[in-house]
Asks: 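I am attaching a structure below and will ask some questions about it afterwards.
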Amino acid sequence: MQKWLSAFFLLLSLQLSGCGYNTFQSQDEQINASWAEVLNQYQRRADLVPNLVNTVKGYAGHEKEVLEAVTASRAKVGAIQASPELVNDEQAFAKFQAAQGELSSALSRLLVVSENYPNLKADANFRDLQAQLEGTENRITVARNRYIAAIKEYNVTVRSFPSNLTAMLFGYKTKPSFSVENEKAISSAPAVDFGK
């Protein structure tokens with residue numbers, strides 16, 4: 001009896017691996033890893049924002065509206081529970097993208113303010129934060145590109161025959177990627193100006 005059970009499970013595992021089940025597992029893990037890196041870089045940016053705001057406050061305290069907008073955007077980003085499950089919920093994913101886009105926009109306005117304050121632009125802390133922010137924006141772009149590639153590979157598998165049959169059987173569905181509309185908003189990286 002035990003031999004029959006072993007043979008059954010062996011046959012079942014061979015069929016599952018042949019029908020793309022293992023591919024789904026592998027691609028799902030790749031998506032989770034890629035998404036974790038995206039979150040990691042967004043968190044790095046969010047962690048930089050309070051220091052940047054405090055540095056600007058010292059020189060441009062009366063730019064209250066801009067400073068408050070950045071702080072509010074940072075708070076909104078921090079309020080979103082970013083988890084691996086976010087990639088399975090299109091509405092939550094869209095909300096996350098909108099919050100990140102709003103923070104990018106607020107940071108852009110904050111960095112424009114720095115143009116009006118020569119002492120601020122000359123401040124070593126501010127220059128260091130600008131450089132870190134620029135590096136973070138580049139890392140976010142790379143992480144997003146890797147996530148988009150992982151989602152593309154997974155979604156092709158979900159929609160292709162015969163793996164789409166396995167997807168239907170086990171409930172695998174396509175996952176959201178960065179949409180073009182939101183991609184525009186997020187790609188508006190803060191303007192970093194080392195000149196003058």
Side-chain angles (χ1 to χ4, degrees), residues 9 12-52 73-107 129-190 192:
F9 284 117
L12 183 64
S13 67
L14 287 174
Q15 285 179 337
L16 286 177
S17 65
C19 66
Y21 181 80
N22 288 342
T23 302
F24 282 115
Q25 299 304 312
S26 172
Q27 290 177 346
D28 199 40
E29 285 304 315
Q30 182 59 47
I31 288 170
N32 289 340
S34 300
W35 182 243
E37 184 56 23
V38 170
L39 294 180
N40 180 35
Q41 296 307 326
Y42 277 131
Q43 184 60 49
R44 186 175 193 273
R45 178 171 74 169
D47 291 344
L48 285 173
V49 168
N51 292 333
L52 189 66
S73 299
R74 165 64 178 83
K76 197 179 281 185
V77 164
I80 293 177
Q81 186 68 30
S83 65
E85 290 75 31
L86 194 67
V87 296
N88 297 320
D89 184 344
E90 280 195 47
Q91 287 183 337
F93 188 81
K95 190 175 169 186
F96 174 82
Q97 287 186 89
Q100 291 296 339
E102 192 176 309
L103 180 58
S104 291
S105 175
L107 281 173
L129 284 166
Q130 273 188 313
Q132 287 190 45
L133 205 53
E134 182 186 42
T136 300
E137 291 300 327
N138 290 336
R139 289 183 182 122
I140 287 171
T141 301
V142 170
R144 278 196 335 240
N145 286 340
R146 288 180 180 157
Y147 173 76
I148 289 168
I151 286 289
K152 178 188 166 196
E153 190 177 353
Y154 171 86
N155 285 345
V156 165
T157 304
V158 168
R159 298 174 66 189
S160 299
F161 182 81
S163 56
N164 64 338
L165 301 175
T166 305
M168 281 191 287
L169 183 66
F170 289 98
Y172 290 106
K173 296 178 180 168
T174 56
K175 296 188 181 202
S177 188
F178 288 96
S179 67
V180 174
E181 184 182 349
N182 289 328
E183 183 68 20
K184 268 185 185 175
I186 290 172
S187 66
S188 302
V192 179

Asks: So how far is it from Gln30 CD to Glu153 CD, rounded to the nearest 0.5 Å?
Replies: 7.5 Å

Asks: Can you find a heavy atom in the side chain of Phe24 that is under 4.5 Å from one in the side chain of Val158?
Replies: yes

Asks: Just how far is it from atom CG of Asp28 to atom CG of Asn32, taken to the nearest 0.5 Å?
Replies: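 Here the interatomic distance stands at 5.0 Å.
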
Asks: Please determine which of Lys95, Lys76, Arg74 meets the salt bridge (Lys or Arg N to Asp or Glu O under 4.0 Å) test together with Glu102.
Replies: Lys76

Asks: Applying side chain to side chain contact (heavy atoms under 4.5 Å, CB included), run through Ile151 and Ile31 and close with a yes or a no.
Replies: CA-CA 6 Å; Ile151 286 289; Ile31 288 170; 3.8 Å; yes

Asks: Take the angle between the ring planes of Tyr147 and Trp35 and call it parallel below 30°, perpendicular above 60°, tilted in between.
Replies: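 Aromatic pair Tyr147/Trp35 classed tilted.
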
Asks: Work out which heavy atom in Val87 is nearest to a heavy atom in Pro176; give both atom names and the distance.
Replies: O-CD, 2.9 Å

Asks: Between Tyr21 and Phe170, is the ring centre distance below 6.0 Å?
Replies: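 Ring-ring flag for Tyr21/Phe170: true, centres closer than 6.0 Å.
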
Asks: Is the closest side-chain heavy-atom distance between Val49 and Leu107 below 4.5 Å?
Replies: yes

Asks: Got a donor-acceptor contact below 3.5 angstrom from the Ser163 side chain to the Thr157 backbone?
Replies: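 Pair found, side chain donor or acceptor close to backbone of Thr157.
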
Asks: With rounding to the nearest 0.5 Å, note down the distance linking CG in Leu133 to CG in Leu52.
Replies: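 Leu133 CG to Leu52 CG: 6.0 Å, rounded to 0.5 Å.
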
Asks: Out of curiosity, Glu137 CD to Gln132 CD, how far, rounded to the nearest 0.5 Å?
Replies: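 Taking CD in Glu137 and CD in Gln132, the distance rounds to 12.5 Å.
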
Asks: Do you know which two heavy atoms are closest between Leu86 and Ala92, and how far apart they sit?
Replies: CD1-CB, 3.4 Å

Asks: Evaluate Tyr42 against Arg144 for side chain to side chain contact (heavy atoms under 4.5 Å, CB included), listing each step before the verdict.
Replies: CA-CA 10 Å; Tyr42 277 131; Arg144 278 196 335 240; 3.5 Å; yes

Asks: Going through the distances and angles, do Leu165 and Leu169 end up as a side chain to side chain contact (heavy atoms under 4.5 Å, CB included)?
Replies: CA-CA 6 Å; Leu165 301 175; Leu169 183 66; over 6 Å; no

Asks: Would you say the side-chain atoms of Tyr154 pair up with the backbone N or O of Ala149, donor to acceptor, closer than 3.5 Å?
Replies: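 Answer holds: no.
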
Asks: Could you verify whether a donor N or O on one side chain and an acceptor N or O on the other, from Ser34 and Arg146, lie under 3.5 Å apart?
Replies: no

Asks: Could you verify whether a donor N or O on one side chain and an acceptor N or O on the other, from Asp47 and Gln43, lie under 3.5 Å apart?
Replies: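 Yes - a donor-acceptor pair under 3.5 Å links their side chains.
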
Asks: At what distance, to the nearest 0.5 angstrom, does NZ of Lys173 lie from CZ of Arg159?
Replies: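 One finds 15.0 Å between NZ of Lys173 and CZ of Arg159.
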
Asks: Once rounded to the nearest 0.5 Å, what's the spacing between atom CD of Gln27 and atom NZ of Lys175?
Replies: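 Those atoms lie 10.5 Å apart.
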
Asks: With sequence neighbours left out, what residues match Asn40 under side-chain contact (heavy atoms from CB on, under 4.5 Å)?
Replies: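 Result, side-chain contact (heavy atoms from CB on, under 4.5 Å) vs Asn40: Glu37.
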
Asks: Would you say the side-chain atoms of Arg45 pair up with the backbone N or O of Gln100, donor to acceptor, closer than 3.5 Å?
Replies: yes

Asks: Mind running side chain to side chain contact (heavy atoms under 4.5 Å, CB included) on Leu48 and Thr136 for me, showing each step along the way?
Replies: CA-CA 9 Å; Leu48 285 173; Thr136 300; 3.6 Å; yes

Asks: Sub-3.5 Å donor-acceptor pair from the side chain of Ser160 to the main-chain atoms of Val156, do we have one?
Replies: yes

